[in-house]
Amino acid sequence: MQPLATIINLLGASALLISLTGCDAAEKSAQRLAEKAEQAVQDVAREAISGTVNELNKQVDDFQQSTNEFLGKPLVQPEEDVQPDEVDSEQPIIASPKSAIET
């Protein structure tokens, strides 16, 4: 009867290893699902915050415009895609006579 008990123990150990492997796979799957859910929540939060910030910026711009109108300042429309550090390439830079080097 010893060989039968040994076979049953081996089958039991094999079943235990198979179930542990299944648990590991289930744990990894649950971890991936949790990561995807967290990413989805972050994306929704970013989208909501972005919309809120854009709306707030629009309201601030409107308030600034109405304040400038009330104060009698001229309306200034912001130029799109213009960096303050850009130099107009069509106008040459001319040195003043005082900055010229004398020889």
Side-chain angles (χ1 to χ4, degrees):
M1 290 302 252
Q2 288 266 344
L4 183 59
T6 305
I7 291 174
I8 291 175
N9 283 340
L10 287 174
L11 288 175
S14 297
L16 180 64
L17 286 175
I18 290 172
S19 67
L20 288 176
T21 303
C23 288
D24 186 44
E27 181 181 355
K28 287 180 181 179
S29 177
Q31 182 66 26
R32 283 192 302 265
L33 181 63
E35 289 171 359
K36 287 181 182 179
E38 181 180 355
Q39 183 63 39
V41 167
Q42 288 176 353
D43 291 344
V44 168
R46 276 190 200 102
E47 189 174 309
I49 290 172
S50 176
T52 302
V53 168
N54 288 341
E55 183 62 31
L56 179 63
N57 284 338
K58 183 179 179 291
Q59 290 177 1
V60 168
D61 290 343
D62 291 345
F63 179 73
Q64 286 176 335
Q65 183 177 1
S66 65
T67 302
N68 286 340
E69 288 174 1
F70 177 75
L71 294 174
K73 293 184 179 180
L75 297 179
V76 177
Q77 295 294 329
E79 295 181 26
E80 295 181 14
D81 300 329
V82 174
Q83 298 296 328
D85 295 330
E86 289 182 6
V87 177
D88 190 3
S89 61
E90 294 179 11
Q91 296 178 355
I93 299 174
I94 301 172
S96 67
K98 293 180 183 177
S99 67
I101 299 175
E102 294 183 24
T103 55

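Rounding to the nearest 0.5 Å gives a distance of 12.5 Å between CD of Q64 and CD of Q59. The line from CG of D62 to OG1 of T67 is 10.5 Å long, rounded to the nearest 0.5 Å. With values rounded to the nearest 0.5 angstrom, K28 atom NZ is found 8.0 Å from R32 atom CZ.
Taking the side chain as every heavy atom from C-beta outward, S50 and N54 approach each other to under 4.5 Å.
The 12-atom threshold is not exceeded at CD of E27, counting heavy atoms of other residues, nucleotides or ligands nearer than 6.0 Å. Annotation: E47, atom CD; neighbour count of heavy atoms from other residues, nucleotides and ligands within 6.0 Å does not exceed 12.
Judged purely by distance below 3.5 Å, without hydrogens or angles, the side chains of D61 and Q65 never pair a donor atom with an acceptor atom.
Proximity of a side-chain donor or acceptor of T52 to a complementary backbone N or O of A48 within less than 3.5 Å is detected.
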Intermediate values then yes/no, side-chain contact (heavy atoms from CB on, under 4.5 Å), V53 and N57: CA-CA 6 Å; V53 168; N57 284 338; 3.7 Å; yes

